[in-house]
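In what follows, chains carry the letters A, B, and so on, assigned in the order in which the sequence lines appear, proteins first and then strands, with residues in each chain numbered from 1. Heavy-atom basis, side chains included; hydrogens, waters and symmetry copies ignored.
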Amino acid sequence: MPEGNEIHRFAKRHAAAFAGKRVSVDSPNKAFPDADALHNRKLHAVRAHGKHLGYVFGPDLILHVHLGMYGDFWEGKMPLPPEKGALRLRIWTRSDWLELRGATDCSIFDAAKWQSLLARLGPDPLHPNSDPAPAFELMHRRNTPIGQLLMDQSVIAGIGNIYRAELLFRAGLHPRRPGRHVPSPVLQSMWREARRLMPKGMVDRRIVTTEPKDRPHPRGRAHDDEIHYVYRRHGKPCFRCGTKIEKDDMAGRTVYWCPSCQKS
DNA sequence: GTGGGATGGGCAA
DNA sequence: TGCCCCTCCCACA
């Protein structure tokens, strides 16, 4: 489900509902055996970096959640809804509840493990004070295709397959252009675009990356084919030039681009 | 109803 | 590079 923007949204919402409160925690499907260690403890804060979440119950008691491909949260007001599906984790207070299913990781980190996670992640465009220089430097040194570098969480944290495709389209960059052949101003403008687009990207729990002016029906719920310029639009005409969007495998993930708008 | 693919990443080899 | 994790959605029948 998530790219970095949704992770940050979850962090804010979950902090608003649960931070500063003593919470109940359980794991109905027993897939998170350490639920007992958190039960009846106070949640102090919720942190997000890239696609990682940290629920801070204590210095060495941080619940790390990575949603991966399938993971998802649901939230609501009490009472708890009936148990449904593979329910990995529930957190609740007298007023709010939270459910987690399908996550790649849901485990307790101590301070050292959380720090070493942060140390191997690149700068996160969604952190207002993050410094992109190390990411630019890495990209500028490498022959690796820019499409692969954007997905590398140790280079830049939080961008997934959708934003990769859409940021490259907006930058006019072919995904296979080597990192070292991307001019600095283009890297900088991609970083700026990521900071601008990602926070406003969620509409009806979907990532939307097109500008309203490019969507034929701006007032209604956008049709699936209107919410991205290139992502999952292979074989369809580019909104800008009409050329058919292409797709290909890049290091195990599908990348999409307009062969005429995006130059290698 | 069914089957393939998907916004991710760790790990073995 | 390919497999696993293990869930949801959509195209297609």
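Here A:Ala251 lies out of heavy-atom contact (under 4.0 Å) with every strand. A:Arg232 comes within 4.0 angstrom of the backbone, heavy atoms only, and of no base. Residue-level contact check: A:Tyr256 touches the backbone only, with heavy atoms under 4.0 Å from sugar-phosphate atoms and none from bases.
Within the structure, every side-chain polar atom (N or O) of A:Lys51 is placed at least 4.0 Å from both OP1 and OP2 of B:dT7. Residue A:Thr254 has a polar side-chain atom (N or O) positioned under 4.0 Å from OP1 or OP2 of B:dA6. The phosphate of B:dG8 (OP1 or OP2) has no side-chain N or O of A:His66 nearer than 4.0 angstrom. Here A:Arg253 reaches the OP1 or OP2 of B:dG8: one of its side-chain N or O atoms lies under 4.0 Å away.
Regarding A:Ile227, its CD1 atom lies at a distance of 14 Å from the P atom of C:dC9, rounded to whole Å. At whole-Å resolution of the value, NZ in A:Lys84 and P in C:dT7 are 13 Å apart. Spacing between atom CD1 of A:Ile207 and atom P of B:dG8 amounts to 8 Å, rounded to whole angstrom units. Distance, A:Leu67 CG to C:dC8 C1': 14 Å, rounded to whole Å. One can place CG of A:Asp105 at 12 Å from P of C:dC6, the figure rounded to the nearest angstrom. Computed from coordinates, the A:Arg233 CZ to B:dG5 P distance equals 21 Å when rounded to whole Å. Per the geometry, CD belonging to A:Gln148 stands 14 Å off P belonging to B:dG9, to the nearest Å. Note: OH (A:Tyr163) to C1' (B:dA6) measures 16 Å, nearest angstrom.
In this structure, A:Arg240 is positioned above the aromatic face of A:Tyr229, its NZ or CZ under 6.0 Å from the six-membered ring centre and within 45° of the axis.
Of the nucleotides present, none pairs with B:dT7 by Watson-Crick or G-U wobble criteria with both distances under 3.5 Å.
Side-chain atoms of A:Tyr70 lie closest to C:dC5 of the nucleotides C:dC5, B:dT7, C:dC8. Each of B:dT7, C:dC8, C:dC6 was ranked by its minimum atom distance to the side chain of A:Glu3; first place goes to B:dT7. For A:Ala86, the listed nucleotide lying nearest its side chain is C:dT7; candidates were B:dG8, B:dA6, C:dT7.
The residues A:Asp60 and A:Lys113 are annotated as not salt-bridged, no charged nitrogen and carboxylate oxygen being separated by less than 4.0 angstrom. Look at A:Glu75 and A:Arg13 and you find a salt bridge, because one of the NZ, NE, NH1 or NH2 atoms lies within 4.0 Å of a carboxylate O, short of that distance.
The salt bridge (Lys or Arg N to Asp or Glu O under 4.0 Å) with A:Asp152 is formed by just one residue from the set A:Arg142, A:Arg120, A:Arg164, A:Arg253; it is A:Arg142.
Atom NZ of A:Lys200 has more than 12 heavy atoms from other residues, nucleotides or ligands within 6.0 Å. The environment of CZ in A:Arg195 is crowded: more than 12 heavy-atom neighbours from other residues, nucleotides or ligands sit within 6.0 Å.
Map A:Ala31 and A:Trp74 each onto its nearest nucleotide of DNA chain C; the residue landing nearer the 5' end is A:Ala31.
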Give every pair of a protein N or O atom and an N or O atom of nucleotides 10-13 of chain B that lie under 3.5 Å apart, one pair per line with the distance.
residue: B:dG10; atom: OP1; partner: A:Arg120; partner atom: NH1; Å: 3.3

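To the nearest whole angstrom, the two P atoms, one in B:dG5 and one in C:dA13, are 15 Å apart. With both ends at atom P, the span from C:dC3 to B:dG4 equals 15 Å, rounded to whole Å.
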* To do: Could you walk me through whether A:Tyr163 and A:Asn5 pass side chain to side chain donor-acceptor pair (under 3.5 Å), step by step?
  => CA-CA 10 Å; A:Tyr163 282 107; A:Asn5 58 324; 3.2 Å; yes

* Output, in order, the C-alpha distance, side-chain angles, deciding distance and verdict of side-chain contact (heavy atoms from CB on, under 4.5 Å) for A:Ser264 and A:Arg176. => CA-CA 7 Å; A:Ser264 47; A:Arg176 299 217 181 270; 5.7 Å; no

